[in-house]
Amino acid sequence: MRFATTASFDNDYRRLKPEHKQQFRRVVADKFVLACDEWARRAEAGESFVWPASLRVAELVGANGIREMTWSFASPDGRATFQFVTRDGQWLCLWRRVGDHSVYRKP
């Protein structure tokens, strides 16, 4: 799985406190990347996939194909939005927003 970011994500990320950036990166490296690889493997095989409960991944209502992931439950209330797209025949996880609940206004 490859990853990319939107300009909105990049702007959000720059505004995170250093310790929040570290928390986000740790969750992504320790859990999210592996889950995405498994999601892609199962998608290619036409199999269903259940996200690890600790990531609280869910599709956003009214935002076709955009999902949310919770990377922290307290200080900060960390959320990120993403979607899967294909580029050059490969799956790509496109990070859209990162921060708190405000990311849901324009996911």
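Computation of the quantities below employed the complete heavy-atom set of this structure, encompassing side-chain atoms and omitting hydrogens, waters and symmetry-equivalent molecules.
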In this structure, is the centre-to-centre distance between the rings of Phe84 and Trp39 below 6.0 Å? yes
Taking it one step at a time, do Arg97 and Ser8 satisfy side chain to side chain donor-acceptor pair (under 3.5 Å)? CA-CA 6 Å; Arg97 301 294 307 274; Ser8 295; 4.7 Å; no
Roughly how far, to the nearest 0.5 Å, is CG of Leu94 from OG1 of Thr5? 7.5 Å
Identify the two heavy atoms, one from Ala35 and one from Leu55, that lie closest to each other, and give their separation to 0.1 Å. CB-CD1, 4.2 Å
Thr70 side-chain N/O to Arg79 backbone N/O, donor-acceptor pair under 3.5 Å: no
Could you check whether the rings of Tyr13 and Phe9 sit parallel, tilted or perpendicular, using 30° and 60° as the cut-offs? parallel
Arg96 and Gln83: CA distance, side-chain angles, deciding distance, side chain to side chain donor-acceptor pair (under 3.5 Å) verdict: CA-CA 7 Å; Arg96 299 178 57 88; Gln83 70 186 119; 2.5 Å; yes
Following the transitive rule for hydrophobic clusters with a side-chain heavy-atom cut-off under 4.5 Å over Ile, Leu, Val, Met, Phe, Trp and Tyr, establish whether Val98 and Val33 coincide in one cluster. yes
Examine Phe32 together with Phe82 and report whether their ring centres are nearer than 6.0 Å. yes
In sequence, state the C-alpha distance, the side-chain angles, and the governing distance for Trp51 and Met69, and then conclude on side chain to side chain contact (heavy atoms under 4.5 Å, CB included). CA-CA 10 Å; Trp51 288 91; Met69 184 264 291; over 6 Å; no
Within a strict 4.5 Å, meaning less than it, do heavy atoms of the Glu68 and Glu59 side chains meet? no
Looking at Ser48, is its backbone amide N or carbonyl O close enough to the side chain of Arg42 to form a donor-acceptor pair, meaning the two atoms are under 3.5 Å apart? yes
Looking at Lys21, Gln23, Gln22, which one forms a side chain to side chain contact (heavy atoms under 4.5 Å, CB included) with Leu16? Lys21
Aromatic ring proximity Phe24/Trp95, centre distance under 6.0 Å: yes
If every non-hydrogen atom of Cys93 is compared with every non-hydrogen atom of Met1, which pair is closest and at what distance? N-SD, 3.6 Å
Got a donor-acceptor contact below 3.5 angstrom from the Asp88 side chain to the Gln90 backbone? no
Is the count of non-hydrogen atoms from other residues, nucleotides or ligands lying under 6.0 Å from Asn64 atom CG greater than 12? no
If you measure from the Lys or Arg side-chain nitrogens to the Asp or Glu carboxylate oxygens, is any gap between Arg14 and Asp12 under 4.0 Å? no
If you group Ile, Leu, Val, Met, Phe, Trp and Tyr by side-chain heavy-atom gaps below 4.5 Å, do Val28 and Ile66 land in one group? no
Below 4.5 Å, heavy atoms only, C-beta onward: do Phe49 and Glu38 meet side chain to side chain? yes
Side-chain heavy atoms under 4.5 angstrom apart, residues restricted to Ile, Leu, Val, Met, Phe, Trp, Tyr: same cluster for Val103 and Val27? no
How many angstroms lie between atom CG of Asp100 and atom NE2 of His20, to the nearest 0.5 angstrom? 10.5 Å
Might you work through the side chain to side chain contact (heavy atoms under 4.5 Å, CB included) test for Trp71 and Arg26, ending with a clear yes or no? CA-CA 9 Å; Trp71 52 271; Arg26 185 174 44 246; over 6 Å; no
If every non-hydrogen atom of Pro107 is compared with every non-hydrogen atom of Leu60, which pair is closest and at what distance? CB-CD1, 3.5 Å
Step-by-step side chain to side chain contact (heavy atoms under 4.5 Å, CB included) determination, Cys36 to Phe3: CA-CA 10 Å; Cys36 284; Phe3 294 84; 4.2 Å; yes
